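Comments concern the structure below.
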Amino acid sequence: SPWPPEGEPFAWQRVHRFVGWVFSMVGVGIILAWLTLPIELADRVGEGLVVLAVLLAVAHKLHSVATHHRLSTRERSGG
């Protein structure tokens with residue numbers, strides 16, 4: 001986390017919780033894909049789901065950092 005927990009205890013927890021839910025849902029999606037699709041297709045779907053989850057996690061983290069930086073800059077300038 002780029003900031004100390006005492007400064008923003010819930011912001012980084014929110015990101016971690018989101019990432020946990022995303023990867024949990026991806027796990028369910030992979031299980032369903034392997035149970036219902038042909039092996040070749042299930043393999044590609046699983047890889048796609050993992051890539052999607054990583055992209056969502058990185059995007060959410062970057063958004064959180066950008067939002068926090070913007071807010072802390074405003075607070076320092078008195079606005």
Side-chain angles (χ1 to χ4, degrees):
S1 220
W3 54 83
E6 57 274 354
E8 281 287 329
F10 298 109
W12 62 268
Q13 289 176 0
R14 192 175 313 123
V15 171
H16 294 176
R17 196 169 30 254
F18 173 80
V19 171
W21 275 106
V22 166
F23 276 94
S24 296
M25 295 297 107
V26 165
V28 170
I30 290 172
I31 290 170
L32 290 174
W34 277 94
L35 288 174
T36 59
L37 299 173
I39 291 175
E40 298 81 21
L41 184 57
D43 189 36
R44 285 184 296 207
V45 168
E47 289 172 0
L49 287 173
V50 170
V51 168
L52 178 65
V54 169
L55 290 174
L56 282 172
V58 169
H60 195 73
K61 184 65 174 180
L62 290 175
H63 175 71
S64 175
V65 170
T67 303
H68 174 74
H69 177 70
R70 192 172 1 143
L71 290 176
S72 59
T73 303
R74 279 190 211 145
E75 290 170 356
R76 277 187 247 136
S77 66

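We count residues from 1, following the sequence as given. Remember, predicted model here, so these are calculated numbers, not experimental data.
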Connected via hydrophobic side-chain network under 4.5 Å: Phe18 and Leu55: no
Indicate if Trp21 and Val19 have the same hydrophobic cluster label, given that clusters are the connected sets of ILVMFWY residues with side-chain heavy-atom separations under 4.5 angstrom. no
Let me confirm one number: the NE2-NE2 distance from His60 to His16, rounded to the nearest 0.5 Å. 10.0 Å
Tell me whether Val45 is reachable from Val51 by hopping between hydrophobic residues (I, L, V, M, F, W, Y) whose side-chain heavy atoms are closer than 4.5 Å. no
Would you be so kind as to tabulate the donor-acceptor pairs closer than 3.5 Å made by side chains of residues 23-38, with sequence neighbours excluded?
unit_1	atom_1	unit_2	atom_2	d
Ser24	OG	Gly20	O	2.8
Thr36	OG1	Leu32	O	2.6

